[in-house]
Amino acid sequence: MDSKTREHLERQQYRIVGDTGAVKLCHWMRQKLIHGRACYKEEFYGIESHRCLQMTPSVNICNHRCLFCWRYHGMTGFEKTRYPDPEELLEGCVKEQRLLVSGFKGDPRCDPELWKQARIPNQVAISLSGEPTLYPKLGEFIGLCNRKGMTTFLVTNGSVPKALVELDSLPTQLYLTVAAPNEELFDRLCVPQFPRAWDNLRETLELMPSLSTRTVIRHTLVKGWNLGWEEEYAKLDEIARPTFVEPKGYVFVGDSRTRMTVNNMPSHSEVREFSERLATRLSLDVLNESEDSRVVLVGNKNSKLKVRD
Ligand code: SF4
């Protein structure tokens, strides 16, 4: 990673591990430790917000340039990158997370028991920035987390189906972002940096039913861009037959503010209405929702929701 990218990321409170790894405290860590409020993933799936390690193996590496992305887009290329080994990556991220969490200890509002637990993450969200399937040791990394008793949530843009096929360990929950109902919108909104990216996304959708893990299709909804087209989204979802679908509203934060306006944020009720129409087409139910995060959970009411027993 070049020094300009590193400085930019560190100014945004990322802690860099090796050449491509990074960790950053999630907004919900503070909310949980100080105010006792949890992220929607705690409510939906039983993930404890204060024990979640939000990290990426590929902070500066992505093959899309989504207009709604809140991350830094000054990617530095990856042909000559030195990737951290899985052990170095996990140990480095946990160490940096502990340092970041240490600042809460002196805050009288922080629950000391939760603070102690926050030092021992038991969930890894592989999603912070960049495209994680471009990290060549992703399967090994997930296997290492799983062996340490940590659940893993992996979020991919679906650009590298081959990488998913080759994963020797699958995440506890695999998210695929589908942010467009058709190729034309996909190319304009997700701005893939390589040809026939839509075909790769379709290939990933086709692959999903064969993966023996919980799967989620995430529809990131940007008002004025990709909100609507429930019929087309339903057809794509039917290919993947995911365990859950999560329609989620775009949030006007980070670097996306240079490409979007606040008017591109749908209200929660718009996300909810989209979700109801989609659920009807898929013969599924609206199982839960979080107004704070403008997200709705769609699935079969008999599905197991919690990731831990
Ligand atoms: S795929 Fe993810 S990291 Fe890459 S540009 Fe899109 S939102 Fe950003």
Side-chain angles (χ1 to χ4, degrees), residues 1 5-6 8-9 12-14 16-17 19-24 26-27 54-78 81 83 93 124-135 138 153-164 171 173-205 208 216-223 225-227 236 240 246-260 264-266 293-295:
M1 182 185 307
T5 305
R6 184 178 283 264
H8 183 90
L9 291 169
Q12 296 185 336
Q13 309 305 319
Y14 287 81
I16 309 299
V17 177
D19 234 14
T20 65
V23 60
K24 186 178 180 187
C26 167
H27 157 80
Q54 183 187 228
M55 58 75 66
T56 173
S58 47
V59 67
N60 52 336
I61 302 168
C62 192
N63 47 14
H64 286 183
R65 296 289 183 272
C66 306
L67 300 183
F68 55 81
C69 177
W70 53 83
R71 293 94 179 189
Y72 177 55
H73 275 181
M75 314 298 187
T76 49
F78 48 91
T81 297
Y83 293 95
C93 286
V124 186
I126 311 170
S127 64
L128 175 60
S129 173
E131 173 47 36
T133 59
L134 296 169
Y135 172 58
L138 184 60
F153 279 21
L154 171 67
V155 184
T156 177
N157 62 17
S159 58
V160 197
K162 187 166 169 282
L164 294 177
Q173 188 153 299
L174 171 68
Y175 278 80
L176 170 63
T177 301
V178 177
N182 58 54
E183 184 170 9
E184 190 263 324
L185 247 177
F186 175 75
D187 284 345
R188 285 202 289 127
L189 183 61
C190 299
V191 197
Q193 305 293 296
F194 64 102
R196 294 188 296 283
W198 179 254
D199 294 347
N200 286 25
L201 176 64
R202 300 242 353 165
E203 207 181 306
T204 302
L205 286 165
M208 286 186 80
V216 183
I217 297 287
R218 155 76 53 74
H219 295 306
T220 304
L221 299 171
V222 188
K223 193 171 175 179
W225 274 91
N226 63 358
L227 184 58
L236 296 172
E246 273 187 19
K248 187 171 187 314
Y250 156 72
V251 186
F252 183 66
V253 289
D255 285 16
S256 76
R257 287 172 298 181
T258 61
R259 304 174 219 110
M260 291 285 164
N264 293 117
M265 278 176 49
S293 299
R294 301 183 192 203
V295 62

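Counting starts at 1 for both ligands and their atoms, in listed order. Predicted model only: the values in this text are computed from it and were never measured.
Taking every heavy atom of C62 and a limit of under 4.0 angstrom, the matching atoms of ligand 1 come to 1 (S), 3 (S), 4 (Fe), 5 (S).
Minimum heavy-atom separation, H64 to S159: NE2-CB, 4.1 Å.
Contact between R71 and ligand 1 is present, with at least one heavy atom of the residue lying under 4.0 Å from the ligand.
Of the N and O atoms on the side chains of Q54 and S127, not one donor lies less than 3.5 Å from an acceptor on the other residue. Y14 and S129 are not linked by any side-chain donor-acceptor pair at a separation below 3.5 angstrom, with hydrogens and angles left out of the test.
Judged by distance alone, with hydrogens and angles left aside, the side-chain atoms of N200 form no donor-acceptor pair with the main-chain N or O of V160 at under 3.5 Å.
When distances to atom 6 (Fe) of ligand 1 are checked against a cut-off of 2.8 Å, C66 contributes an N, O or S atom below that limit.
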